[in-house]
Amino acid sequence: MPHDTPLISTIVGGLVLAFIFGAFAHRLRMPPLVGYLIAGVLVGPHTPGYVADQNLAPELAEIGVILLMFGVGLHFSLKDLLSVRGIAVPGAIVQIAFATLLGWGLGAFMGWSTGGSLVFGLALSVASTVVLLKALQERRLVETERGRIAVGWLIVEDLAMVLALVLIPAAASIGGEGHAPIEPLSAGLSSLFGLDLGIGGMIAMTLVKVALFVALMLVFGRKLIPWTMHRIAHTGSRELFRLGVLAIALGVAFGAAKLFGVSLALGAFFAGMVLAESELSHRAAQESLPLRDAFAVLFFVSVGMLFDPNILIDKPLPILATIFIIVIGKSVAAFLIVLAFKKPLGTALTISASLGQIGEFSFILAALGVELGLLPEEGRDLILAGAIISIILNPLLFFLCDRMRPLLDGAKREDVVADPAPAADAIAAQEEMLPEDDEVHPTALSGHAILVGYGRVGSIVGQNLKSSATPFLVIEDSDKRIGELKAQGIETLSGNAVMRETLDLANLSGARSIAIAIPNAFEACRIAEQARSVNPSILIVARAHSDAEVDELKQYGADTVIMGEREIALGMVDRLAQVHHESVPYEDGHGPDTIMPTDDPPPGRE
């Protein structure tokens, strides 16, 4: 059996180089995805050396998009989607129209046909699913109002692009600008009944198919998919459960694309959304996470493979104009649209930064335009260059928005103070300037406890702190939990405790203790490390799921680490001992309980 197969070499070459350059980028304090893109350029056809398979890489990347959208659907209920329809639908439509107009103007200026210019503009108008979700997940914003609006906006863009992918061939065949096949269902109806549906019929057929798919998922899928997963879970086989999750994600996405003409990403999203109504959704998300991350990396590698570095020298001005439309034009349009809907400044900045890039749908549109003879190959190269450069610049855009937010907040408040309105009007204006629920402000507490995370563990800790009248605040990033905490009168900071700015707002230097109740050991270690460096005398309590996590948390400064599994086991053993032996509770190698303090105080502590 030959070992040098295209599939294996593509996966191995892509993942190994992505790991090497991703780690190097992280070392330079850059996003790892920059390293993934560079790895793709190196294994692409435009650089010397090994060249990965040009057909397999995009298909492997598409699996990553499917699994990523499935994971988003697991955390994005139908209620969440409907809750943002008022801004996501009109906002996305206006933003797509504005960006398409800018792209059409650039294409017309370069002498392209009207159809090619419109395809170019559409390709620049839609953001990348993978890049946007990666950025939101890294900042833990997916479950916040800003994250829901951004994802809802993205879903509307995907629906618009699904419609565009059907209409572009029809428009090309009608307008005579290119060579295009007729949509299969329309062609079948025309041959059977002799009906010429035209472009209006094409639109109607597309809308009918999408509506049929959505109705099928909401009516039958909401019952069938959770029921299937429950039956699999009752078998007790983790292997079958994991396989079932992947089969549903990939099967529904593929079936949606083949039977209804819906994009793979959109089909996977609805599969995850209907499964989210089951109590097994959290477990399904965990089981699909490793493959989701691996194939998302291959997506960035496949994008890098398409990039020809020579275009940076041959077409510098068109590239700059393309990047301006993507990064500046789209972002400014989205910013103004969100503000027009009277949303908070932080939401407007997040949405504008999220949409300041393009990705997978752009590549599909570019390939379709070239295939139909509408878009010149130069246009495709500009789209690829704009995609890669905008993806690299996107983290910088988020950074700038984070820095601009306090300045803009300050300017708005100064305008309110300087307004010579009557007293009653001034008070009303100041109330309008008050931050929304997602705004954060420094705490006035001192000598308090900081609780990071308010899930199953954090909520128990928080209620005990409250009942004992201990001054404390909670750092949480879920809008739902933040609302519940504020309703109980508990001070809350909205944000990610990994960020130093969030810990500073919690007055870490003046706190007596910090309880890290989140299950993510990597983030917990980072929080513990920062807490110890800022406040050497603070008590740090954390949770762990394994001995390795216990040791790692101790190394990063935790005083007390509690392993949940050992706590459960000892409780069970204690109860059994009382019944069978009437003996004292069982003790393991770590002592009579699961609380394991560090042997030595961390550096800098007395």
Side-chain angles (χ1 to χ4, degrees), residues 138-141 143-147 343-350 353 398-417 427 429-454 458 461-462 465-466 469-518 523-524 526-542 557:
E138 287 175 359
R139 292 160 180 81
R140 300 179 71 178
L141 294 174
E143 296 184 12
T144 65
E145 182 188 16
R146 288 176 280 171
K343 291 296 180 179
L345 183 64
T347 301
L349 289 172
T350 300
F398 267 99
F399 175 81
L400 292 176
C401 287
D402 291 339
R403 289 294 180 265
M404 289 170 58
R405 181 175 171 181
L407 298 176
L408 294 176
D409 275 336
K412 289 174 72 175
R413 293 190 180 94
E414 288 178 5
D415 291 342
V416 171
V417 174
I427 293 173
Q430 288 179 358
E431 290 178 351
E432 290 179 1
M433 288 297 121
L434 289 176
E436 301 287 342
D437 289 343
D438 64 344
E439 303 289 334
V440 289
H441 288 274
T443 182
L445 294 176
S446 182
H448 58 294
I450 300 173
L451 175 58
V452 180
Y454 205 78
V461 176
L465 289 173
K466 184 179 180 181
T470 302
F472 76 103
L473 64 84
V474 177
I475 299 177
E476 178 58 62
D477 60 3
S478 170
D479 280 354
K480 181 179 179 181
R481 291 173 184 166
I482 290 172
E484 294 172 352
L485 287 166
K486 290 186 176 181
Q488 299 175 31
I490 298 176
E491 184 174 352
T492 310
L493 286 177
S494 175
N496 188 350
V498 174
M499 307 299 293
R500 176 64 178 272
E501 295 82 359
T502 305
L503 292 176
D504 290 340
L505 292 171
N507 190 18
L508 183 61
S509 59
R512 296 186 61 183
S513 63
I514 179 171
I516 308 173
I518 58 175
E523 292 188 359
R526 180 71 183 276
I527 295 168
E529 182 183 27
Q530 294 189 82
R532 181 64 64 215
S533 64
V534 172
N535 188 346
S537 63
I538 194 172
L539 170 68
I540 303 177
V541 182

Is any side-chain heavy atom of N507 closer than 4.5 Å to one of S446? yes

Do the side chains of H448 and E491 get nearer than 4.5 Å, heavy atoms only? no

Who pairs with R500 by side-chain contact (heavy atoms from CB on, under 4.5 Å), at least two apart in sequence or on another chain? D504, Q530, V534

How about R532 and I538: do any of their side-chain heavy atoms sit closer than 4.5 Å? yes

L485 CG to T492 OG1 distance, which is reported to the nearest 0.5 Å: 4.0 Å

If you compare all heavy atoms of G453 against all heavy atoms of A517, which two are closest, and at what distance to 0.1 Å? O-CB, 4.0 Å

In short, G557 meets I540 closest at the heavy-atom pair O-CD1, 3.5 Å

Which heavy-atom pair separates A449 from L465 by the least distance, and what is that distance? CB-CD1, 4.5 Å

For G462 against Y454, the heavy-atom pair lying closest together: CA-CE1, 4.0 Å

Looking only at heavy atoms, the pair that brings A506 and I475 closest together is CB-CD1, 4.1 Å

Nearest 0.5 angstrom please: L473 CG to T443 OG1, how far? 5.0 Å

Drop me the distance from F398's CZ to T350's OG1, to the nearest 0.5 angstrom. 6.5 Å

On a heavy-atom basis, which atom in A511 and which in I450 lie closest, and how many Å separate them? CB-CD1, 3.8 Å

Do I527 and I518 make a side-chain contact, defined as non-hydrogen atoms from C-beta onward lying under 4.5 Å apart? yes

